[in-house]
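One-based numbering, in listed order, for ligands and for the atoms of each.
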Amino acid sequence: MIGWVLKKILGTQNQREVRRLTPLVGEINRHEEVLRALSFDELRGKTVAFRERLAKGESLDQLLPEAFAVVKNCCRRFTEEKRRIRVRGQEILWEMIPFDVQLIGGMVLHSGRIAEMATGEGKTLVATLPTYLNALSGKGVHIVTVNDYLAARDADWMGEVYRELGLTVGCLQHGQTQSERRAQYACDITYGTSSEFGFDYLRDNGMATTPEDQVQRGHFYSIIDEVDSILIDEARTPLIISGPVTVSTHQFDKYKSIIEGLVRKQNTLCTDWANQAKERIEKGDLQGAGRLLYKVKLGSPRNKLLLKFQEDPGTRRAVDDAELEMYQDTRRTELYKTKEEMYFSIDERNSEADLSQMGRTFLNPNDPNFFSVPDLITTNHDIDSNAGLSVEEKIKAKAQAQADYEEASQRIHNISQLLRAYCVFEKDVHYVVQENKVVIVDEYTGRLMPGRRWSDGLHQAVEAREGVQIDRETQTLATITIQNYFRLYEKLAGMTGTAETEANEFKDIYRLGVVVIPTNRDCIRKDADDLIFKTRREKLNALIEEIKKRNAAGQPMLVGTASVESSEIISRMLRRENIPHSVLNAKQHQLEAEIVARAGERGAVMIATNMAGRGTDIKLSPGVAELGGLHVVGTERHESRRIDRQLRGRCARQGDPGSSQFFISFEDDLMRNFGDSRKIAGLMTKLGMEENEGLQHPWLNRSVETAQKRVEGRNYQVRKHTLQYDDVMNQQRTVIYAWRSDMLNSTDPRPEVFETVDERITSEVEARAGTDPVDLDGLVHWANSAMPVGLQKEDFQKAGGKEEWAKLLKTKVREAYEVKVKFENPEAVKALERFVVLGAIDRLWQEHLYAMDGLRTSINLRAYGQKDPLIEYKNEAYGMFGELMGRIKEEVVHNLFRSASSLSAFESFLSALPQRAGRGELPMEAAAQPTEGSMSMQAEGGSTMVEEVLAPMKRQGPKLGRNDPCPLDATKKFKNCCGATGSKGCLKVGG
Ligand code: ADP
Ligand code: MG
């Protein structure tokens, strides 16, 4: 009911929005009519004229009607002159002039929102309108595509319009060098994939140290094509640049054999229960069987017998009932008791594994506590209240307790990951082993993802299980999520055929509104009700029959699968029936695009995973419309309704005929994990379902959608959760990158450096003066060891109080520095000053990232202590960041004089740099080749070297002032977050 009301409101809101924009369409079209009288040169002259008007203060909004008209008129000229354009080596005849609905789509994109436009509505062309307009600003427009091929295709194809009108177009491709990339970004318009854009940002801000290194020039306006795929499906994967880690903490090899023993024990136990369940079923005691099987599910979710029993809807229901019963008890007494009857329990939905007392005893009979997390809080409390200990002994005891705790956490983490590797992840389903490597299979698309690795040690655990070489652990050098990368843009827009179902998420996370644009011609696609089968086998057999039938009539078909594996199964079955077909796995984008484009030919059968051939238009050949157009068959309902809508949208474009239907079974993952089997089984009995026969009814569609909604909700929570953690990192990254960028861009770094030195002095003086008695000896010692100031205790005593001490130190340190650098080459000194700060930031920030990784891993274990891990994480991260800032400053002070004392050595170091660091070439080639979809790359060396300074680059991102609220804690002022207690902030960034 609420949904219906909402829809009504959304619907009308949407219509109102479209109506609001309609008058502008008339205006654009009137301008366009006038333009027809111009010569082509005069039309081109409009670009220059627009730029002049912008310079005189007109806004982009004011220019919109005329600028859109210029693009439309350019398209008209191309169409009239029958222009042929070379697109990826093939000639394409230009025959499109934007329709009115496309103009509206363009306006929505210009306003920084998402335009939902169905497949085939011509979104590629729509994007040219706002792109041209916004590129007039000269600030660079970025258009994001789902793969490299589409980036190149669109830059070739749409580029014709921009180039004709006097703008430049660039295109990012994987493997381009630094200088090639910079040239692409220098263009008015740049096409590329999200990971190319994101990695460039990371390299520019986390690693670049020379003018040649930075390639981007700001984040003004971006249009994301297939925005749901980029911002929702890919959002769960952060972009990571990593390098090898120095110390390894994994103990998988050590525990592998004992875990194998444990898993064997557990399997015997579970199989036993499953057999007992069988007896109960035979005796008619379904309830008892359900309880037993639920235990099996907890202990060994992929147990073969269990999976087989669950094929029967009645038994499934009994298992669900048993589960429900346990969860209905709020104290979960029964559940905990059950978990203690096995060695460990696995939660397949949340992918968690827990040892029981039995398991711990099996692993270490002499000391079961070896595998439980010590209660640090109680231990610390006990230490504190132990009157027999001296202060020093207490500190020691606490440090020991902390060390024990960390060691135990590590151990348990290792065990838990191994258990997941053995019990949740299945070879050839979740991963494959290829050339002695564990390669992930993407759960969304079924693609292999070489180069991508599970995080948190899971990948190594699976490698241990498979007995392949356990790869060296890597350490994060720079990281950002796709979400946070796109939040950098001043204005963001997106387009896709399917955004409406996720409108809330776009609003909450990206503040992007969704406007549904009406289609140019009415859509006449026929969506049939789902066909539901008991087993997968029955489903596939019926599917092949269906394909045979339609194929015999010559109707083309697109068969969508959820994984590579099922594509291959269907392909094998079709081969047996001698039905010619093609299989696409989204591995070879260009080739697949060419194949998919022919999917509308008479008799074509195309099997494709979700991403395969996306972005390519399927046109019907003559005679096919009479056969009903393209028929789309889904072989499984996807976790998300949006992906199903995508698949359906592949047919019936631009008013073509077309139809679609999904085939599903109870054994599909979605139904197995999230389906309300009781309800469905009830429905099926009511509707009288026979063996071996598919059932079709609108009620069933609704049940399936309920399951999908459930998963969508859960996945949204997961993404939100990731984001909440990432926000903490994002704030820290903003501060560090801004500081770094300030140093890079400063033509005179010395004031900045001394500001840092002053802050360090202030906080040291405050600390020393704050003790009782005042620790003047300590201050004198610190001052003389950190800086060559040569001050005696008497000098301070003569000077007065702490204010004067700080002043004295600040003056002296400047004098000492002047003396040091007096006879040096001023340019070299500047380089040195930058080097000192950047070097300190990079080294310590990377250490900090490593520590934050560790914190993220260990924090979930604390949930045992009834604490909210997110709050704990924020608090700790906040403290760690404060320490980091303090340490960077300390290192700056220290290195400033240490390096200055050997400036000549530093100079020779600098001149040697080109050979050492490969000047101008940050690691572009990942050690693990990032194929499409791979989101991580490895740097070769590790830390980077600082040498020269860039010509000023416009700094982007939110500007932070020294007195702004601390980004880590809005209740505190920024300056207080970093350990500086003086009157000045800890860090100067922004204007
Ligand atoms: P989408 O990305 O929305 O699925 P595309 O941009 O791939 O759609 O375009 C689909 C097809 O529609 C392309 O073949 C394109 O040439 C054609 N097309 C787009 N706009 C027009 C137009 N205004 N007039 C004629 N054909 C158009
Ligand atoms: Mg498209």
* Structure fact -> If you scan protein heavy atoms around atom 9 (O) of ligand 1, the nearest is Gly122 CA, 3.4 Å
* For Leu125, atoms of ligand 1 separated by under 4.0 Å from a heavy atom -> 20 (N), 23 (N)
* **Glu27 with Arg30: basic N within carboxylate O range, under 4.0 Å** => no
* Structure fact -> among protein heavy atoms, the one nearest atom 6 (O) of ligand 1 is Thr124 OG1, 2.4 Å
* Nearest-neighbour protein heavy atom for atom 13 (C) of ligand 1, which is reported as residue plus atom name and distance -> Asp617 OD2, 3.4 Å
* Structure fact -> min-distance protein heavy atom vs atom 27 (C) of ligand 1 -> Met96 CB, 3.6 Å
* Run the salt-bridge test on Arg153 and Asp156 with the 4.0 Å N-O cut-off and return the result as yes or no. => no
* Asked: Heavy-atom contact under 4.0 Å between Ala118 and ligand 1?
  -> yes
* Say whether Met495 and ligand 1 are in contact under the criterion: heavy-atom distance to a ligand atom below 4.0 Å. => no
* Protein residue, atom and distance nearest to atom 20 (N) of ligand 1, heavy-atom basis -> Gln102 NE2, 3.0 Å
* Numbered atoms of ligand 1 (with element) below 4.0 Å of Thr119, judged on heavy atoms -> 4 (O)
* In terms of residue, atom name and distance, what is the protein heavy atom nearest to atom 24 (N) of ligand 1? -> Phe99 CZ, 3.3 Å
* Do Leu60 and His110 have side-chain heavy atoms sitting under 4.5 Å apart? -> yes
* Asked: Charged N to carboxylate O below 4.0 Å: is that the case for Asp41 and Arg44?
  -> yes
* Should the pair Phe78 and Phe40 be assigned to parallel (<30°), tilted (30 to 60°) or perpendicular (>60°) ring geometry? -> tilted
* **Residue among Glu116, Glu502, Glu712 satisfying salt bridge (Lys or Arg N to Asp or Glu O under 4.0 Å) with Arg642** => Glu502
* Asked: Is the closest basic N to carboxylate O distance between Glu546 and Arg550 below 4.0 Å?
  -> yes
* So, Glu196 and Arg181, do they make that salt bridge, N to O below 4.0 Å? -> yes
* Could you establish whether Lys619 and ligand 1 come within less than 4.0 Å of each other, counting only heavy atoms on the residue side? => yes
* Structure fact -> Atoms of ligand 1 under 4.0 Å from any heavy atom of Glu95, numbered from 1 in the order shown, are 25 (C)
* May I ask you to decide whether Glu121 forms a salt bridge with Arg653, counting only side-chain N to carboxylate O separations under 4.0 Å? => no
* Asked: In terms of residue, atom name and distance, what is the protein heavy atom nearest to atom 4 (O) of ligand 1?
  -> Gly120 N, 2.7 Å
* Can you sort out which atoms of ligand 1 are near Arg653, meaning under 4.0 Å from one of its heavy atoms? => 11 (C), 12 (O)
* Evaluate the side-chain proximity of Leu64 to Met107: yes if any heavy-atom separation is below 4.5 Å, no if none is. => yes
* Hey, is ligand 1 close enough to Ile97 that some N/O pair sits below 3.5 Å? -> yes
